[in-house]
Amino acid sequence: MSKRVRVRFAPSPTGGLHLGGVRTVLYNYLFAKKHGGDFIVRIEDTDQSRYVQGAEEYIFDCLRWCGLDPDESVQHGGKYGPYRQSERKEIYRKYAEQLVKDGHAYYAFDTPEDLEKMRHDFKTEQNTSPQYDHTIRMKMRNSLTLSADESRKLLAEGTRPVIRIKMPDQETVSFKDMIRGDVSFDTSLVDDKVLLKADGMPTYHLAVVVDDYLMQISHAFRGEEWLPSAPVHILLWKYLFGLDHMPRWAHFPLILGPNGKLSKRDGAKYGFPVFAMRWTDPKTVELTEGFKEKGFLPEAFINLLALLGWNDGTEQEIFTKEELVEKFSIERVHSGGAKFDYEKAKWFNHEWIKKSGVGSLESGVRNVLIEKGIAGIDDVVLNKVIGLVKDRCSLLTDFYDQAYFFFKSPENWDVDAVKPKWNEAKKLFFAELTRNFELNPDWKATVLENNFKEIAAVNEIKPGEVLLPFRIMLVGGKFGPAVFDIAEVLGKEETIARIEKAVSVF
RNA sequence: GGCCCGUUCGUCUAAGGGCUAGGACACCACCCUUUCACGGUGGUGAUACGGGUUCGAAUCCCGUACGGGCUACCA
């Protein structure tokens, strides 16, 4: 039977698509693709008050950039739609009422104030946060405690009830997590979760079960933060559709920041991005850069995320997406949380830049240079430059620091490195060098190097003494790739111009 | 507080009863390089603690500690 794997997203204002989210998508995607199944993305806009315009598109943009496009979604279509939760409202109500009819759920009329009072009144040292559970449900206002007449009266008055699951007392619910093995819960310690809210929208708990059934989901993998509510979902499966149809579950470990949990809110505070792509907080209009803007390649991004909590058992660390699909196995995903290490992330990107062909880096590098104000970039020159400097760039944005001097003549020179040993003999050498370069018909690095050394020999100067000044003339400092390669790319006119300009300053 | 999950170098991890606990990032040293990187070689560095089970435990069991998650008409 073909596998159908889904991942769910809430377009909420709490933040952009963060590392953990992308990794969850990635593992779901890899599993689906490995088994020739369908990868489905669901949008959870159950809480309309939190819904943010644009967040949905943002999520799909991120997935597109990562190369993790779904087979089915609100954007991609599919035959199990609608794929947006708010368009499935009536479906959820039907199942919630079915549960009430079967005695597995009940209407609750408690107001937010009632609930607050309950949490206050029942709070003790042993129980610091009381829950709406089997011990107190009979002390609240719901269809279990009120008579039919009283309920009808409340409804007539316009009170909109919620539907809560009636958790059984003293039952053990267990399931086999594909990563953790057997996990079990005592139902008396789980509260009566709201299934259908007063506004008629379902909570995650109802929606996830109903949708997974109707959409014939075979596997559902999510973050570890969902583990405590698993018993609710399992019970709903049991009551509504039977455990035989329940998808296989796996709960991924969390990705941690330097001091504990990785918070979406803290965005850029860590000194490294936490989002896949730039996210603008709609409330504060605060803009947070993502891995894309920081100069990561999408191939490197999914590679490093895949290895944060999974490995194939060999010592291989660099994987293409195709290799990941082939080698991924859910059983090899770790159960422990992983702390994110930005240094290692940059190493992955560096490896990918080195591995990438000049052509595939071209547009990304061009954008970086344009953003830094370098205009009129020649294609041929850009390609040569990328080939020359890509081994020394960890991030796409490093290309500016490593290559700006190909496009901008130096304004300042590291004169301290030249001046102390600068003399007439060297001046003469460079005068002769420019004359030689002017007449040079074959502007190639190797030719330039030979001529350079010959002139040095004739002038009885060690090449080493004039090599560093030459470099500083061309780029301004003690950095960059091999000097003669730089000169070749710069071209005859520019090289000579830079030498003459610098000589006049030294 | 209660419940659940977890714990191997600083970090990501390998080793699922059996050689000196392996690799990668970071760090340090040396080599290469008439700049800086890349690269190469080597080095420092870990089984949280205490009990069991076993000829033998990082590995299985129990307890403790620590970390994380959940405890909303959020997801």
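Every chain is numbered from 1, with letters handed out A, B, ... down the list of sequences.
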field: B:rG18: pairing nucleotide in any strand, Watson-Crick or G-U under 3.5 angstrom
entry: B:rC55
Integer angstrom distance from the C1' of B:rG18 to that of B:rG56: 7 Å
- line: Between A:Y342 and the options A:F348, A:W347, A:F272, the ring-ring contact (aromatic ring centres under 6.0 Å, His included) test singles out A:F272
task: Rounded to whole angstrom, note down the C1' distance from B:rA46 over to B:rU11.
output: 12 Å
message: In whole Å, I'd like the distance from the NZ atom of A:K354 to the P atom of B:rG39.
response: 4 Å
query: For B:rU71, does OP1 or OP2 lie under 4.0 Å from any side-chain N or O of A:K193?
result: no
- prompt: Hey, does the side chain of A:K339 come within less than 4.0 Å of B:rU13's phosphate (OP1/OP2), counting only N and O?
  reply: no
- request: Please state how far atom CG in A:D186 lies from atom P in B:rC5, giving the value in whole angstrom units.
  value: 13 Å
query: Looking at the rings of A:W226 and A:Y204, which for Trp means the six-membered one, are their centres under 6.0 Å apart?
result: yes
- prompt: Heavy atoms under 4.0 Å, any strand shown: does A:R222 hit a base, just sugar-phosphate, or nothing?
  reply: nothing
query: How is A:K346 classified with respect to the nucleic acid when contacts are heavy atoms under 4.0 Å: base, sugar-phosphate, or nothing?
result: nothing
- prompt: Quick check, are the ring centers of A:W310 and A:F328 under 6.0 angstrom apart?
  reply: yes
- request: Whole angstrom is fine here: how far is it from CG in A:L395 over to P in B:rC25?
  value: 16 Å
- prompt: For residues A:Q131 and A:R119, is any side-chain donor paired with an opposing acceptor at under 3.5 Å?
  reply: no
query: Is it true that A:F275 and A:F291 have ring centroids separated by less than 6.0 Å?
result: no
Pairwise C1' distance for B:rU44 and B:rU7, with rounding to whole Å: 24 Å
query: Contact class for A:F340 (heavy atom, under 4.0 Å): base, sugar-phosphate, or nothing?
result: nothing
task: Would you classify A:G336 as touching base, sugar-phosphate or nothing, given that sugar-phosphate means primed atoms plus P, OP1 and OP2, and contacts are heavy atoms under 4.0 Å?
output: sugar-phosphate
query: Distance check: side-chain N/O of A:R180 vs OP1/OP2 of B:rG69, anything under 4.0 Å?
result: no
- request: Verify the contact: side-chain N or O of A:R164 to OP1 or OP2 of B:rC73, cut-off strictly under 4.0 Å; return yes or no.
  value: yes
query: Touch check for A:A345, heavy atoms < 4.0 angstrom, all strands: base, sugar-phosphate only, or nothing?
result: nothing
query: Looking across every strand, which nucleic acid part, if any, lies under 4.0 Å from A:E125 by heavy atom: base, sugar-phosphate, or nothing?
result: sugar-phosphate
query: Is any side-chain nitrogen or oxygen of A:H251 closer than 4.0 Å to OP1 or OP2 of B:rG6?
result: no
- prompt: Where does B:rC38 fall, syn or anti, if syn means a chi angle no more than 90° from 0?
  reply: syn
task: State whether A:N311 places a side-chain N or O below 4.0 Å from either non-bridging phosphate oxygen (OP1 or OP2) of B:rA14.
output: yes
query: With sugar-phosphate meaning primed atoms plus P, OP1 and OP2, does A:G309 contact a base, only sugar-phosphate, or nothing at under 4.0 Å between heavy atoms?
result: sugar-phosphate
query: For atom C1', what is the distance between B:rG45 and B:rC9, given to the nearest Å?
result: 5 Å
query: How far does the C1' atom of B:rU41 sit from the matching atom of B:rA58, given to the nearest Å?
result: 30 Å
message: Looking at A:K354 and A:D391, is there a salt bridge between them, counting it only when a charged N and a carboxylate O are closer than 4.0 Å?
response: no
message: Regarding A:A198, tell me which of base, sugar-phosphate or nothing describes its non-hydrogen contacts under 4.0 Å with the strands shown.
response: base
message: Using a heavy-atom cut-off of 4.0 Å across all strands, would you classify A:S129 as base, sugar-phosphate, or nothing?
response: base
message: Using Watson-Crick or G-U wobble geometry with both distances under 3.5 Å, which nucleotide pairs with B:rU64?
response: B:rA48
task: Answer with base, sugar-phosphate or nothing: what part of the nucleic acid does A:D110 contact at a heavy-atom distance below 4.0 Å?
output: base
- prompt: Given atom NZ of A:K421 and atom P of B:rU34, what is their separation to the nearest angstrom?
  reply: 16 Å
query: Starting at the 5' end of RNA chain B, which residue's closest nucleotide do you reach first, A:E343 or A:L467?
result: A:E343
query: Does any N or O donor sit under 3.5 Å from an N or O acceptor when you compare the side chain of A:K344 with the base of B:rA26?
result: no
task: Give a yes/no on whether any side-chain N or O of A:R119 is located under 4.0 angstrom from OP1 or OP2 of B:rA72.
output: yes
- prompt: How is A:V483 classified with respect to the nucleic acid when contacts are heavy atoms under 4.0 Å: base, sugar-phosphate, or nothing?
  reply: nothing
- prompt: A:S229 or A:E315: which one's nearest nucleotide on RNA chain B is closer to the 5' end?
  reply: A:E315
- request: Kindly confirm or rule out a cation-pi arrangement of A:R164 over A:Y132, judged by NZ or CZ under 6.0 Å from the six-membered ring centre and within 45° of its axis?
  value: yes
- request: Report which part of the nucleic acid A:V162 touches: base, sugar-phosphate, or nothing (heavy-atom distance under 4.0 Å, all strands).
  value: base
- prompt: How would you label the contact of A:P253 with the nucleic acid (heavy atoms, under 4.0 Å): base, sugar-phosphate, or nothing?
  reply: nothing
- request: Provide, to the nearest angstrom, the distance between the CZ atom belonging to A:F399 and the P atom belonging to B:rC36.
  value: 21 Å
